[in-house]
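Take a look at the structure below.
Just so it is clear, the structure is predicted and the values come from calculations on it, not from any experiment.
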Amino acid sequence: MHVSTAFCLFCLCRINGEKRKLLFLTNQQADLLSNTKGSMEKILDAFEVPKPKLVINLLKSLGTSSWFDGFSKDTPSGTVLGRGLIMNGLAWSTEEELMDALNR
C-alpha cells in the first residue's frame, strides 16, 4: 500500500519591502506537481499570478544555411520544408497576406 503525505512549507516574507509568497517543496513534491495535470495552474492561482497577455513560443530555427544545404538542389519549388518555409516561395498565399503580416 502506497501512502502519500502532503507536507509543504508556505510562508509570507518581505522582499524589498513588499510582501511575497514563498513555497518550499521537496524534490518528490516538485516532481509530482510537474507531472500532475492542472497542478501548475492551481499553484499560479494560489500565488495570484495574472494570466499572461502574450505568450511567445521559441521554436528551433530552421533557417540556417547548413540546414538548407541538407536539401537537394532538385527539391521542387513549393515543397514545404518546415513551418513557414517553402522551397523557392513565400510562406504567405498572397502578397496581401504578406503585407498584412509585415504591418502587424
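One N or O on the side chain of K21 and one on the backbone of A46 form a donor-acceptor pair closer than 3.5 Å. Put simply, the side chain of N103 gets close to the backbone of M99: a donor and an acceptor are under 3.5 Å apart.
Taking NZ of K42 as the start and CG of L33 as the end, the distance is 10.0 Å to the nearest 0.5 Å. Interatomic distance, CG of L32 versus CG of N27, reported as 12.5 Å (0.5 Å rounding). The distance from atom CE of M40 to atom CG of D45, rounded to the nearest 0.5 Å, is 11.0 Å. Atom-to-atom distance recorded for S34:OG and I43:CD1 is 11.0 Å, nearest 0.5 angstrom. How far OG1 of T36 is from CG of D31: 8.5 Å, rounded to the nearest 0.5 Å. Rounding to the nearest 0.5 Å places CZ of R20 at 11.0 Å from CZ of R14.
Looking only at side-chain heavy atoms (C-beta outward), I15 and C13 come within less than 4.5 Å of each other.
Across all non-hydrogen atoms, the minimal contact from L23 to F47 is CB-CZ, 3.5 Å.
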